[in-house]
Amino acid sequence: MPELIYLNGDLVPPEQAKVSVFDHGLLYGDGVFEGIRAYNGRLFRLDEHLHRLYDSAHAIALNIPLTAAEMKAAVIETVRANQLRDAYVRLVVTRGPGDLGLDPRKCPQQTVFIIADSISLYPREFYEQGLQVITCATRRNAPAALDPGIKSLNYLNNICAKLETIQAGVPEGIMLSVDGYVAECTGDNIFVVQHGEILTPPVSVGSLEGITAGVAMEIAREMGIPVRVEPFRLLTVYTADEVFLTGTAAEIAPVVMVDGRRIGEGRPGPISRALEERFRERTQSEGTPVYD
Ligand code: PXG
């Protein structure tokens, strides 16, 4: 449990960090969030996370009552107040308390909170042996209904898919678009490796523009591995040489089985391994310092 939570400008103990039952973040999922990690006393890709937060807020006409610079300072202050070097930061902005109707104009004061907690890591076997995943029956939200590029508090689409993975006893699940293209996983982006090239779906299929995915593509290009961003179907996943997932929580995680089909040799492949290693190096040396 963290010692202090940032809530609307104050750092308060967790038992005092409470929001109203009239908050539209709670009543309607009307709000946006980010999940950010700190490694070795530095916030990894903080500016990119803040950029995505402000873009998501703008897309739903949500006013964030802090400038990006003030928000950045608040995130740093919260990590520092909890004396963390390796941390998971959850930054949430909701429409704020209103009445029992959808109308966002009834919410004069947005709610901002930041939780900085110690990180709970995935088991080492996930990375050493690779993950088994399934394809979920729940399709990813159609961009025309609710664009998955908006990191909103409406995560029921992902939670319904997550329930399927729990039922199947696997840690993650692939989500397809309504028309059957591979979109992403419940909380990660997906990549396949085929004939020495890396392939990932465009966000237009219906996925979040992942910050870890961006780093993985940067590293791949530096290594001279071609990266293609194109729509593909499950067959491309089943027949891939390698599959891996990227996300702030999972980092870069190799996949070795999809719907009972072995991927490649059934072990994490060389490109996934190389990306994982270079990603770890970056997380240890890059980022916005929390302590100076
Ligand atoms: N797709 C979805 C739907 C996500 O929610 C990603 C992709 C990966 O994006 P980033 O920017 O993190 O590379 C996410 C992010 C958690 C957790 O606790 C989930 C995410 C981030 C942090 C923590 O499960 N999802």
Side-chain angles (χ1 to χ4, degrees), residues 2 29 31-39 43-56 59 75 79 86-92 114-123 126 131 133 135-136 138-143 145-166 170-177 181-191 198 200-220 229 243-253 255 275-276 279-280 282-283 286-287:
V32 294
F33 78 102
E34 275 301 322
I36 310 166
R37 266 172 84 153
Y39 295 89
L43 283 150
F44 190 64
R45 301 278 164 147
L46 178 58
D47 290 332
E48 285 175 50
H49 282 283
L50 290 175
H51 205 265
R52 188 170 67 186
L53 180 82
Y54 279 77
D55 278 353
S56 288
V75 170
V79 177
D86 291 282
Y88 178 72
V89 178
R90 171 62 55 94
L91 168 46
V92 182
I114 306 168
I115 306 166
D117 207 349
S118 52
I119 186 103
S120 59
L121 298 171
Y122 287 119
F126 278 23
L131 308 186
V133 306
T135 303
C136 299
T138 305
R139 296 293 170 104
R140 192 74 179 98
N141 280 330
L146 175 60
D147 198 316
I150 302 169
K151 200 163 166 64
S152 82
L153 296 180
N154 264 280
Y155 254 51
L156 259 190
N157 178 226
N158 312 63
I159 290 165
C160 288
K162 185 80 188 173
L163 289 170
E164 294 183 52
T165 71
I166 293 164
V170 295
E172 253 301 352
I174 297 172
M175 298 184 77
L176 306 177
S177 67
Y181 289 99
V182 172
E184 58 180 339
C185 289
T186 70
D188 307 289
N189 293 106
I190 186 164
F191 289 77
I198 289 177
T200 193
V203 288
S204 56
V205 166
S207 56
L208 183 72
E209 188 158 5
I211 287 159
T212 319
V215 179
M217 288 192 272
E218 261 175 48
I219 297 172
V229 180
V243 175
F244 62 89
L245 311 181
T246 65
T248 296
E251 302 177 307
I252 296 181
V255 172
L275 290 174
E276 236 185 285
F279 180 80
R280 294 246 155 96
R282 286 201 180 204
T283 58
E286 271 188 21

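Every number for a ligand or one of its atoms is a count from 1 in the order of the listing. Note that the numbering runs from 1 along the sequence shown for the chain.
Close contacts between ligand 1 and Thr186 involve ligand atoms 3 (C) [criterion: under 4.0 Å to a heavy atom]. Heavy-atom proximity to Ala249, at under 4.0 Å, picks out these atoms of ligand 1: 17 (C), 23 (C). Ligand-side atoms of ligand 1 in range of Arg140: 3 (C), range being under 4.0 angstrom from any heavy atom. Atoms of ligand 1 lying under 4.0 Å from any heavy atom of Asn158, numbered from 1 in the order shown and given with element: 3 (C). Annotation for ligand 1: atoms under 4.0 Å from non-hydrogen atoms of Glu184 are 1 (N), 2 (C), 3 (C), 7 (C). Within ligand 1, the atoms closer than 4.0 Å to a non-hydrogen atom of Tyr155 are 2 (C), 3 (C), 4 (C), 5 (O), numbered from 1 in the order shown. Each of the atoms 9 (O), 10 (P), 11 (O), 13 (O) of ligand 1 lies under 4.0 Å from some heavy atom of Gly210.
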Inset, instruction - May I have the step-by-step check of side chain to side chain contact (heavy atoms under 4.5 Å, CB included) for Phe191 and Leu275, ending in yes or no? - result: CA-CA 12 Å; Phe191 289 77; Leu275 290 174; over 6 Å; no

Legend entry - Evaluation steps, side chain to side chain contact (heavy atoms under 4.5 Å, CB included), between Val89 and Ile114: CA-CA 7 Å; Val89 178; Ile114 306 168; 3.7 Å; yes

Inset, instruction - Would you sort out whether Val32 and Lys151 count as a side chain to side chain contact (heavy atoms under 4.5 Å, CB included), showing the intermediate values? - result: CA-CA 6 Å; Val32 294; Lys151 200 163 166 64; 5.8 Å; no

Inset, instruction - Let me see the working for Arg52 and Glu209 under salt bridge (charged side-chain N to carboxylate O under 4.0 Å, His left out), right down to the final yes or no. - result: CA-CA 9 Å; Arg52 188 170 67 186; Glu209 188 158 5; over 6 Å; no

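For atom 6 (C) of ligand 1, the nearest non-hydrogen atom of the protein is Gly187 O, 3.5 Å. When only non-hydrogen protein atoms are considered, atom 23 (C) of ligand 1 lies nearest to Tyr88 OH, 3.1 Å. From the protein, the heavy atom lying nearest to atom 12 (O) of ligand 1 is Thr248 OG1, 2.5 Å. Nearest protein heavy-atom contact of atom 8 (C) of ligand 1 is Asn189 OD1, 3.6 Å.
Side-chain contact between Glu251 and Glu276 is absent, with no heavy-atom pair separated by less than 4.5 Å. Residues Leu53 and His49 form no side-chain contact, since every pair of their non-hydrogen atoms from C-beta on lies 4.5 Å or further apart. Side-chain contact check for Ile190 versus Leu245: some heavy-atom pair is nearer than 4.5 Å.
In this structure, Phe279 places its CZ atom where more than 12 heavy-atom neighbours from other residues, nucleotides or ligands lie under 6.0 Å away.
Rounding to the nearest 0.5 Å places CG of Leu163 at 10.0 Å from OG1 of Thr186. Between the CG atom of Leu146 and the CG atom of Asn154 there is a distance of 5.5 Å, given to the nearest 0.5 Å.
The distance criterion of under 3.5 Å between nitrogen or oxygen atoms is met by Ile211 with respect to ligand 1. For the pair Lys151 and ligand 1, the shortest N or O to N or O distance falls below 3.5 Å. Checked against a 3.5 angstrom limit, the closest N/O atoms of Arg52 and ligand 1 fall inside it.
Heavy atoms from both the backbone and the side chain of Thr212 come within less than 4.0 Å of ligand 1.
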